[in-house]
A.B. asks: 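Quick one: structure below, then a few questions.
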2 protein chains.
Amino acid sequence: MPVSMHIWFDMKLTAAQLDGSNMSVRAQHPWPLEDDEEASGLDLTLDEKTELSHFCDVISVGAKGPPIFTQGQHADHVFYVNEGIVQGRHTIRSGVRQSVALYWPGDFFGLARDGMFFNSAEAVIDCTLYRYPIRKLEKFLISRPRIQHKFLMKAVHDIRKTQRQLIIMGALDVARRLAVFLVDCCGHREYFDTGTQHLTIPISRHDIADHIGTSAETVTRAINTLEKKGLIRRETPWKLEIKTSELLAFSSLD
Amino acid sequence: MPVSMHIWFDMKLTAAQLDGSNMSVRAQHPWPLEDDEEASGLDLTLDEKTELSHFCDVISVGAKGPPIFTQGQHADHVFYVNEGIVQGRHTIRSGVRQSVALYWPGDFFGLARDGMFFNSAEAVIDCTLYRYPIRKLEKFLISRPRIQHKFLMKAVHDIRKTQRQLIIMGALDVARRLAVFLVDCCGHREYFDTGTQHLTIPISRHDIADHIGTSAETVTRAINTLEKKGLIRRETPWKLEIKTSELLAFSSLD
DNA sequence: CGGCGGCTTGACCTCTCTCAAGAATAGTGG
DNA sequence: CCACTATTCTTGAGAGAGGTCAAGCCGCCG
């Protein structure tokens with residue numbers, strides 16, 4: 001564990017280098033920035049990463065295991081996704097469950113209210129996460145204004161991402177929501193091969209359904225719809241050939 | 001204008017004092033905080049407010065007028081609601097319009113992406129706003145880590161607020177969404193009389209419909225539903241008698 | 001008092017949910 | 001390598017919530 005603690009940011013750095021230009025789908029600007037700033041993730045320097053690594057834990061979570069944390073549980077950590085995908089979910093009193101976000105590598109999660117987690121978090125595929133004690137992180141950020149500013153930009157970015165999800169849920173039918181989801185997946189090199197245009201859907205129908213606010217059956221039907229329109233082609237249930245730009249055009253989202 | 005610039009934060013302070021305990025509906029905690037921290041708004045000290053007032057403009061916007069800004073427009077300011085209600089909206093290519101947030105006094109708005117506003121903003125009732133040049137604000141925040149930290153907390157709070165809206169849209173039927181909206185309105189003393197339990201709905205059916213992701217007709221029908229259940233009583237189209245706690249219970253949201 | 005805009009109501013129709021069964025896939029042990 | 005089983009995906013049919021269109025109503029303002 002101690003070893004991991006010191007190398008994880010380096011690992012992340014390497015991963016970022018491999019990703020190269022393909023991070024662009026998640027690359028969106030928050031409040032206006034200097035022109036040369038990149039705003040999708042935190043975009044920390046190596047030194048900053050090293051400083052942060054001094055007080056984080058590395059944890060692994062399996063997809064089949066128990067939730068990372070549960071809504072209402074005492075919250076004293078914030079999590080960062082290094083590898084894998086985590087889904088944030090909220091259960092209301094009637095028992096209905098709603099996904100509030102899908103966290104990809106580079107995202108933070110662990111919002112709390114009154115010292116308790118506001119949502120539950122579950123790994124939808126196997127993950128490695130970094131865990132920060134919230135108190136230490138806060139003190140550190142106050143002592144490093146420029147790093148804190150990057151966190152503020154990241155938070156603003158997340159507001160916009162959540163608003164985007166709201167727009168998707170409120171203004172698009174299921175087929176279009178699915179189209180957006182698939183295009184988003186194509187922004188992640190781990191699952192999309194730009195050469196062959198083949199996407200490996202990383203999560204189950206049920207998890208997709210949660211994410212886009214529908215049922216697993218309707219997800220399947222929406223896949224049929226997109227296939228009939230010639231926007232995708234199903235090779236196996238999880239391997240799709242994707243026409244990215246047509247899909248994006250169809251979704252009628254920017 | 002210069003006079004206003006120097007007194008606005010004082011005015012706000014007075015308003016906060018008048019509000020007293022009734023801010024509780026919007027009072028929610030972001031990431032875990034020191035126990036004595038209040039986390040609904042920015043919660044700045046008088047000195048901090050004075051410092052900020054040095055580089056803000058005061059502007060008035062009428063409900064019938066043009067938008068405060070339009071999606072895609074060049075963004076170099078951030079706005080703060082002093083009085084009134086502003087609705088953030090996003091229009092997708094198909095022309096469908098979706099509300100992304102309702103901004104009440106104390107809220108900031110003006111998210112941008114690639115230097116352009118991500119959403120449009122319209123005053124749904126007459127407003128007074130404070131407008132900050134984004135560059136100056138950023139520089140100021142970096143030079144004042146503790147104030148920046150309050151902005152970070154506010155941003156995190158807004159993420160949760162947006163997630164909450166997402167939950168409402170994804171997991172609740174229209175009657176319940178309306179119930180949540182009405183209860184939220186009751187948290188604002190300007191429109192709700194705690195003694196008589198009378199709420200004056202501040203915005204039109206159409207704007208409500210946008211906000212909760214439905215049509216104006218369905219809003220009316222949902223009002224009927226709630227009235228039949230005895231949760232509200234309609235005196236005029238805009239004056240309702242509200243049973244707050246029953247409504248909240250009905251909504252099945254926390 | 002007359003007109004305009006927002007609210008209300010009705011009728012119809014579409015999309016999506018639910019329930020239920022059948023197919024494909026992956027995992028397991030022989 | 002082949003059954004057998006658990007899981008996930010797919011398809012079908014029926015029901016219901018809510019969208020849309022169209023008309024009527026009410027309060028507000030000139």
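In this text the structure is predicted, and so the values were computed from the model without any measurement. Chain letters run A, B, ... following the sequence lines, proteins first and then strands; every chain starts at 1.
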A.B. asks: Nearest whole Å is fine: how far is dT7(D) P from Trp238(A) CH2?
C.D. replies: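 It works out to 14 Å between those atoms.
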A.B. asks: With a strict under 4.0 Å distance from non-hydrogen atoms of chain B, what nucleotide opens and what nucleotide closes the contacted stretch of DNA chain C, reading 5' to 3'?
C.D. replies: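 Result: dC7(C) to dA11(C).
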A.B. asks: Decide whether Asp210(B) and Gln87(B) meet the rule of one side-chain donor and one side-chain acceptor closer than 3.5 Å.
C.D. replies: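 Short answer, no.
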A.B. asks: Using salt bridge (charged side-chain N to carboxylate O under 4.0 Å, His left out) as the criterion, list what pairs up with Arg176(A), not counting sequence neighbours.
C.D. replies: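 Partners of Arg176(A) by the salt bridge (charged side-chain N to carboxylate O under 4.0 Å, His left out) criterion, ordered by chain and then number, come out as Asp173(A).
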A.B. asks: Decide, yes or no, whether a salt bridge links Asp107(B) with Lys154(B) under the criterion of side-chain N to carboxylate O below 4.0 Å.
C.D. replies: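 Answer for the salt bridge query: yes.
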A.B. asks: CZ of Arg97(B) versus P of dG19(D): gap in Å, rounded?
C.D. replies: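 Spelled out: CZ on Arg97(B) to P on dG19(D) is 15 Å.
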A.B. asks: Relative to each other, are the rings of Phe118(A) and His90(A) parallel, tilted or perpendicular (30° and 60° limits)?
C.D. replies: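 Taking His90(A) first and then Phe118(A), their aromatic rings sit tilted (interplane angle of 30° to 60°).
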A.B. asks: Within the 3.5 Å criterion, strictly below it, is a donor on Asn224(B) or Arg234(B) matched to an acceptor on the partner's side chain?
C.D. replies: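 Yes - a donor-acceptor pair under 3.5 Å links their side chains.
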A.B. asks: State the CD-CD1 distance between Gln165(A) and Ile168(A), to the nearest 0.5 angstrom.
C.D. replies: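 Here the rounded value is 4.5 Å.
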A.B. asks: In whole Å, I'd like the distance from the CZ atom of Arg205(B) to the P atom of dG27(D).
C.D. replies: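 Computing the Arg205(B):CZ to dG27(D):P distance gives 13 Å.
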A.B. asks: Specify the separation, in whole Å, of atom CD1 of Ile208(A) and atom C1' of dT8(D).
C.D. replies: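 The distance from CD1 of Ile208(A) to C1' of dT8(D) comes to 12 Å, rounded to the nearest Å.
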A.B. asks: At what distance, to the nearest 0.5 angstrom, does CD1 of Ile208(A) lie from CG of Leu102(A)?
C.D. replies: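 Nearest 0.5 Å value for the CD1-CG distance: 9.5 Å.
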A.B. asks: Check the distance between dT20(D)'s P and Asp173(A)'s CG and give it to me in whole angstrom.
C.D. replies: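 Distance, rounded to whole Å: 12 Å.
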A.B. asks: Rounded off to whole Å, could you give me the CZ-to-P distance for the Arg234(A) and dT11(D) pair?
C.D. replies: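 Roughly 6 Å, once rounded to whole Å.
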A.B. asks: Quick one: does Val180(B)'s side chain get under 4.5 Å of Arg164(B)'s, heavy atoms only?
C.D. replies: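 Side chain of Val180(B) against side chain of Arg164(B), heavy atoms only: contact under 4.5 Å found.
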A.B. asks: Which residue pairs satisfy the ring pair (Phe, Tyr, Trp, His ring centres under 6.0 Å) criterion with at least one member in residues 210-247 of chain A, sequence neighbours excluded?
C.D. replies: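 Sorted pair list: Phe181(A)-His211(A).
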A.B. asks: For Tyr103(B), which residues count as a ring-ring contact (aromatic ring centres under 6.0 Å, His included) partner, sequence neighbours excluded?
C.D. replies: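 Testing Tyr103(B) for ring-ring contact (aromatic ring centres under 6.0 Å, His included), a comparison that skips the adjacent residues, returns Phe109(B).
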A.B. asks: Once you build an axis from the first five pairs and another from the last five of the helix from dC1(C)-dG30(D) to dG30(C)-dC1(D), how far apart in angle are they, to 10 degrees?
C.D. replies: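 So the angle between the two local helix axes works out to 40°.
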A.B. asks: Listed in order of residue number, which residues of residues 218-227 of chain A have a non-hydrogen atom at under 4.0 Å from DNA chain C?
C.D. replies: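 Heavy-atom contacts with DNA chain C come from Thr218(A), Arg221(A).
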A.B. asks: Name the residue closer to the 5' end of DNA chain C, choosing between Ser215(A) and Ile203(B) according to the nucleotide with the nearest heavy atom.
C.D. replies: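 Looking at the nearest nucleotide for each, Ile203(B) comes out on the 5' side.
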A.B. asks: Taking only N and O in the side chain of Thr214(B), is any of them less than 4.0 Å away from OP1 or OP2 of dG19(D)?
C.D. replies: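 Result: yes.
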A.B. asks: Does the side chain of Phe79(A) come within less than 4.5 Å of Val86(A)'s, by heavy atoms?
C.D. replies: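 Heavy-atom side-chain distance check fails, nothing below 4.5 Å.
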A.B. asks: Round to a whole Å and report the spacing from CD of Glu217(A) to C1' of dT7(D).
C.D. replies: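 Answer to the nearest Å: 15 Å.
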